[in-house]
Structure formats: C-alpha cells, structure tokens
Q: 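This is the structure I have questions about; it appears just below.
Each chain gets a letter, A, B and so on, in the order its sequence line appears, and its residues count up from 1.
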Protein chains: 2
Amino acid sequence: MPAKILKREEILLRLFAIFRRSGFDGATLSKISEETGLGKASLYHHFPGGKVQMAEEVLRFVENWNDLHLIVPLGGKGRPKQKIKNMVATINDMYEGGKSGCLIGAMVPEDSFIEYKDQIKRILIKWIEAIAGVLVEYGVEPKESLLRAEEAVAKIQGALIVTKATGQRALFGRLMKNLPADLLEQRSGVLR
Amino acid sequence: MPAKILKREEILLRLFAIFRRSGFDGATLSKISEETGLGKASLYHHFPGGKVQMAEEVLRFVENWNDLHLIVPLGGKGRPKQKIKNMVATINDMYEGGKSGCLIGAMVPEDSFIEYKDQIKRILIKWIEAIAGVLVEYGVEPKESLLRAEEAVAKIQGALIVTKATGQRALFGRLMKNLPADLLEQRSGVLR
DNA sequence: GTCTATATAATGATAGAC
DNA sequence: GTCTATCATTATATAGAC
C-alpha cells in the first residue's frame, strides 16, 4: 500500500517545515495540529512518542534525503568540479535561495534532547566527509580538504542564519555563488 | 550608586547566558528564576515587560558590547591586518573557543517577535560594514570587501553551529585561524 | 484513523505581605 | 526588592466515541 507510505511522508514534510521554522520548543502541538490538519489525538496515533518522536523521525527523514541528494551524488561518478556545482545547486533548491532556514540550525540551540544530538552530528559529519572526499579526488591534500569542507558547511549554515536575520536574501545567493571557488581554488594560506 | 547599575548588568549577563543556550522559547521563567537566583516576582519587578523585555534588553546589551569591543576598534587606529587579528581574538574569547553558542543564532529561529528582528539585523549589519570598512582601508574593492565581510560573519555564525552540533571544538579554532587570511588574501575568484 | 472532550502539568504573569 | 501564593492560559498528552 504505497498510498499509506506517501501519506506519512506528507506528514513528515509538514513537520519538517514547522520544526525548521520554529525550532523544537517553538513547535507547539497546537501549531503542528493546525498546520498538518491533524487533530492532536491523531498526531499521537501516528507518533505515540509525541513531539520527541516527531522530531526524531523528521531528522531521520532529513538524513535519508541528504544521503540520497547530497552524499551519494558526491561519492558517485562525475567530475569533482561538476559534483560540487551540483551540490551547490541542490543546496540552493533545498533552502529556496535562503528563504527557508535550516532545520539543524533551528534545532541545535536546545540544551537537552541528547536524542537528536547524535543524529544531527552524523548528518553534518557525513556531509563534511563527502565534500572532503570530492576535494581529495580533485587533488587537494586530505587534511586541507577536510578543513575546506568544514568551512563550506559552516558557511552554508551561517549564510542561512545571517540571511534570515538580515532579511537580505541576495546575501545567500552571493555566498553560494562563491562556494565552488572557495572549495576548489588554490589558496596560499599566507598573509601578505 | 554604581552598585545598583552593576547589579542589573549582572542580571543581564545571566539572562544572556540563558538565552544563548536555550533560545527564546527554551528560556522558561522557571529556568531564568533558577539561574538568576531571583524569584519570578522579582524578575517582573526588574522587567515589567516580562520575557520579551528581558530579551530586548539582553540584545541591547549585546549590541553595546559589540559596539565597544568590535565596531569601535575596527573603525579606530591601527593597521588593518592587526585590527582583523584583534577581532578574531575577541571573537574567540567571546565564544570561548566555540564552547558557547551564539545568541543571535539561538534567537533567530522564532517566526514571531518582530521586536528583536530589527535589533538583530542592526547588530549584524553594523558588524559586516565595520569589517568591510577595514578591508577597504586595506585596499580591497568596496564591493568585494562587503562580500568578504558577509562571508566572514556567516562563517563565524556557521562555525558556532557546526561546532555545537558536532561537539568538535577544534573545528571552531581551525576556522577562526583562517579568518584573517580569508579576509585579507587576494583571491582570483576563478575556477581552474 | 479521526474526532471531541478532558486530564495534568507547566507556562507566563500578578497580588499582596514583608 | 524580595518573597509565597496564586491566577489564567497554554502546554503535552490521553480516553473513549465514532
């Protein structure tokens, strides 16, 4: 019954939108109920573990999505430069050019909930390592590749925050445009 | 009566710590009461506007702090390169090498509360423009300076998030170490 | 699987004594 | 300026009918 599966994915997509907009604490069950169109009792039917389970499943969903659309392509066939450019295009789609915030950024702030921490950590690490792998493939030193990959992921996260905070969506576009060069270009690392 | 003034600053410092750790929604009055040592009623004596006023005053406090420790030094005397290095050192202190998160990152996620939005926006824009000013002073094109400044601020914000999310504090140090070069170095902007 | 209705706990916020 | 006690509201979560 594929219809049922699609239905749950639809719910998760709505949940994803809410969590990335409001964070965990800001995503109240009332909001969730309203924006999913499901009553609270129905939500607990689908997610007996309540809001925590919803968050965990959304993160799992994001992890799968990332694996499929970022990690696998980066590790697959194609020229490194093209793979990086594809990634940037995917990121741009994913965040709608900076219009949408980042789920990870929205959910990290909370002190408690060690449950997610491992999920979030894994998502980021996998992504960083996939980028670094492409750079190594491109001929960059492994250590330098890791550093650049970390920088790139940090810059994407930061760009989303600064864009959201300043309301200047053009900023996101500018930073994304420079990403491929940041990653692939030769850098001296020395101050003149 | 300077004692009284210092007392309020002490309260604001505690509030700052709570908000940047938990965000606005996560900072419940119970937590605030507990961590400030003040009863709820006492908190409302100091902040009749409640949690919203607390957040606003904390942001004003941060803005003043930034003006004093970041903006003014960047616009003051000294060699551009040294001023950038000083800024990075200040940032490192400010976030305790990535141990502490960023207030802005923690408070942005919320959809509502337009009250802060302007404050947060102003803090970031002032900072970006101050950095860009130094780069112009260094001889970089104004347009390019602005772009690099945006990138730097985004990278700092992102580094804090990625560091928090992965728990790898070393990452923050690595990224901060490269910041001066990122800002001051000649870049071709062309992919080989 | 969805709903209405409700339980229970925690939230932001006040009143009033000291 | 601080406290205890309490308010109304909203939070998460459940029971049970359909």
Q: Could you tell me whether the side chain of L29(A) reaches within less than 4.5 Å of the side chain of M54(A), counting heavy atoms only?
A: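 Side chain of M54(A) against side chain of L29(A), heavy atoms only: contact under 4.5 Å found.
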Q: Has K51(A) got its NZ or CZ under 6.0 Å from the middle of the six-membered ring of F24(A), at an angle within 45 degrees of the ring axis?
A: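 Output yes; distance and angle both within limits.
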Q: Any ion pair linking E151(A) and K155(A) (charged N to carboxylate O, less than 4.0 Å)?
A: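 Judged by the 4.0 Å cut-off on N to carboxylate O distance, K155(A) and E151(A) do not form a salt bridge.
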Q: Checking H69(B) now: which residues fulfil ring-ring contact (aromatic ring centres under 6.0 Å, His included) with it, not counting sequence neighbours?
A: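 With neighbours one apart ignored, the set is W65(B).
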Q: A quick test of your reading: do over 12 heavy atoms of other residues, nucleotides or ligands sit less than 6.0 Å from CZ of R169(B)?
A: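 Yes, CZ of R169(B) has more than 12 neighbouring heavy atoms, counting only those of other groups under 6.0 Å.
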Q: Using a 4.0 Å cut-off to any heavy atom of chain A, which nucleotides of DNA chain C are the first and last in contact, reading 5' to 3'?
A: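 Using the under 4.0 Å cut-off, the span is dG1(C) to dT4(C).
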Q: Tell me: CD of Q53(A) to P of dA13(D), nearest whole Å?
A: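 My rounded result for the distance is 11 Å.
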Q: Within 45 degrees of the ring normal and closer than 6.0 Å to the centroid, is that where the cationic atom of R8(A) sits relative to F47(A)?
A: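 Because its charged atom sits under 6.0 Å from the ring centre and within 45° of the axis, R8(A) does stack over F47(A).
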Q: Sort me out a list of protein N/O and nucleotides 5-11 of chain D N/O pairs below 3.5 Å, or just none if empty.
A:
unit_1, atom_1, unit_2, atom_2, d
dA11(D), OP2, S30(A), OG, 3.1

Q: CZ of F47(A) versus P of dT14(D): gap in Å, rounded?
A: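 From F47(A) CZ to dT14(D) P: 15 Å.
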Q: Can you name the nearest heavy-atom pair linking G105(B) to Q157(B), along with the distance?
A: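 Looks like N-OE1, 4.3 Å.
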Q: With DNA chain D as reference, determine whether L38(B) or Y44(A) sits nearer its 5' end, using the nearest nucleotide of each.
A: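 First, find each residue's nearest nucleotide; the 5'-ward one identifies L38(B).
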Q: Does CD in E144(A) sit with more than 12 non-hydrogen atoms of other residues, nucleotides or ligands closer than 6.0 Å?
A: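 Check passes, neighbour count above 12.
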